[in-house]
K.L.:
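Structure incoming, see below.
What you see is a predicted model; the values in this text were computed from it and never measured.
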Amino acid sequence: MKEKTLALKAAFPHTIPVFTGFTFLGIAYGILMSSKGYGVHWIVLMSLMAFAGSAQYVAITFLTSAFNPVYALLVTLMINARHIFYGISLLEKYKDAGKFKPYLIFGLCDETFSIICSAEPPKDVNRKWFNFFITLLDHSYWVLGSALGGIVGYIISFNTKGLDFVLTALFVVIFVEQWKSQKNHKPAVIGVLCSIICLLVFGQSNFIIPSMLSILAVLIISRKKCVEKKVAAEEGI
């Protein structure tokens with residue numbers, strides 16, 4: 001018990017910023033779900049079992065329109081494809097996770113990844129429990145926010161028009177932060193241009209998957225050319 005308590009106390013301070021962000025984003029999500037007729041229990045279950053952040057916002061559209069499972073799968077895969085690379089980079093940290101590994105894999109999100117990669121537990125704290133509590137706390141914050149939003153949406157009736165813009169705002173913030181943190185802006189520019197072109201060609205309802213595929217294709221081709229130039233330069237030297 002002492003081992004768990006120490007790990008929880010060590011993990012909690014690192015998750016406070018996530019608590020703030022996840023609570024408000026979760027509340028917005030819960031209110032939107034409630035406005036579409038979903039009860040608190042469905043909202044909590046969705047956040048508890050899916051825990052997909054931005055993909056959950058997108059799922060609201062899937063749940064309230066003609067359901068296309070293939071389209072839903074592809075869009076969700078594209079949105080969360082970055083987790084593949086997160087998982088690969090954490091193979092070393094999670095290799096000895098034992099019984100915690102399934103939950104650590106399930107509960108991995110951008111914020112949890114950032115904390116686990118940057119935070120080091122004190123010497124007297126078990127790393128397995130430390131990583132577990134970081135993941136559990138972040139997950140709990142999202143569920144808590146969603147539940148609060150569902151309750152508020154159920155008790156108070158108000159116009160939610162424009163509230164779904166929170167998803168757009170979330171992606172804009174992520175884009176700006178990535179732009180500021182990276183010196184190479186070429187991938188960002190490629191992403192914006194491909195999205196605009198696909199929007200014009202395929203229309204607002206069908207441009208997401210073509211734009212994702214075109215971004216992936218252009219980045220792969222661009223990377224291949226960069227590698228070829230680097231090899232040629234090294235051989236020239």
K.L.:
Would you say His14 and Phe130 make side-chain contact, with heavy atoms under 4.5 Å?
P.N.:
yes
K.L.:
Tell me, please, which residues at least two apart from Asn126 pass side chain to side chain donor-acceptor pair (under 3.5 Å).
P.N.:
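Side chain to side chain donor-acceptor pair (under 3.5 Å) check on Asn126 returns Glu3.
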K.L.:
Run the side chain to side chain contact (heavy atoms under 4.5 Å, CB included) test against Ile190 and tell me which residues pass, sequence neighbours left out.
P.N.:
Lys186, Cys194, Val218, Leu219
K.L.:
Please test Ile43 against Tyr29 for side chain to side chain contact (heavy atoms under 4.5 Å, CB included), starting from the C-alpha separation and ending with a verdict.
P.N.:
CA-CA 9 Å; Ile43 297 170; Tyr29 170 72; 4.1 Å; yes
K.L.:
So do Phe133 and Lys4 actually touch side chain to side chain, heavy atoms under 4.5 Å?
P.N.:
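Yes - at least one pair of side-chain heavy atoms lies under 4.5 Å apart.
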K.L.:
Could I get the full list of side chain to side chain contact (heavy atoms under 4.5 Å, CB included) partners for Leu77, not counting sequence neighbours?
P.N.:
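Not a single residue meets the side chain to side chain contact (heavy atoms under 4.5 Å, CB included) criterion with Leu77.
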K.L.:
Below 4.5 Å, heavy atoms only, C-beta onward: do Thr135 and Phe100 meet side chain to side chain?
P.N.:
no
K.L.:
Got a sec, which pairs hit side-chain hydrogen bond (donor to acceptor under 3.5 Å, both in side chains) with one end in residues 136-155, sequence neighbours left out?
P.N.:
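Residue pairs with at least one partner in residues 136-155: Thr15-Tyr141, Ser47-Trp142, Ser47-Ser146, Gln56-Trp142, Tyr103-His139, Thr112-Asp138.
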K.L.:
Please enumerate all residues that pass ring pair (Phe, Tyr, Trp, His ring centres under 6.0 Å) together with Tyr86, with sequence neighbours excluded.
P.N.:
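Scan of Tyr86 (ring pair (Phe, Tyr, Trp, His ring centres under 6.0 Å), adjacent residues dropped) gives His83, Phe113.
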K.L.:
Any side-chain heavy atom of Asp124 within less than 4.5 Å of one from Leu6?
P.N.:
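A side-chain contact exists here, since the closest heavy-atom pair is under 4.5 Å.
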K.L.:
Linking I/L/V/M/F/W/Y whenever their side-chain heavy atoms sit closer than 4.5 Å, directly or via other members, would Leu144 and Met49 fall into one cluster?
P.N.:
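Linked, Leu144 and Met49 end up in one cluster.
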K.L.:
Output all residues satisfying side chain to side chain contact (heavy atoms under 4.5 Å, CB included) with Ile151, sequence neighbours left out; order by chain, then residue number.
P.N.:
Val40, Ile155
K.L.:
Residues in side chain to side chain contact (heavy atoms under 4.5 Å, CB included) with Gln204, at least two apart?
P.N.:
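For Gln204 the side chain to side chain contact (heavy atoms under 4.5 Å, CB included) partners, ignoring immediate neighbours, are Leu199.
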K.L.:
Take a 6.0 Å sphere around NZ of Lys9 and say whether it holds more than 12 heavy atoms from other residues, nucleotides or ligands.
P.N.:
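12 or below, so no.
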K.L.:
Would you indicate whether the side-chain heavy atoms of Phe19 and Phe12 approach each other to under 4.5 Å?
P.N.:
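Phe12 vs Phe19: side chains apart.
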K.L.:
Among residues at least two apart in sequence or on other chains, which ones pass side chain to side chain donor-acceptor pair (under 3.5 Å) with Lys95?
P.N.:
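Counting only residues at least two positions away or on another chain, Lys95 forms a side chain to side chain donor-acceptor pair (under 3.5 Å) with Glu92.
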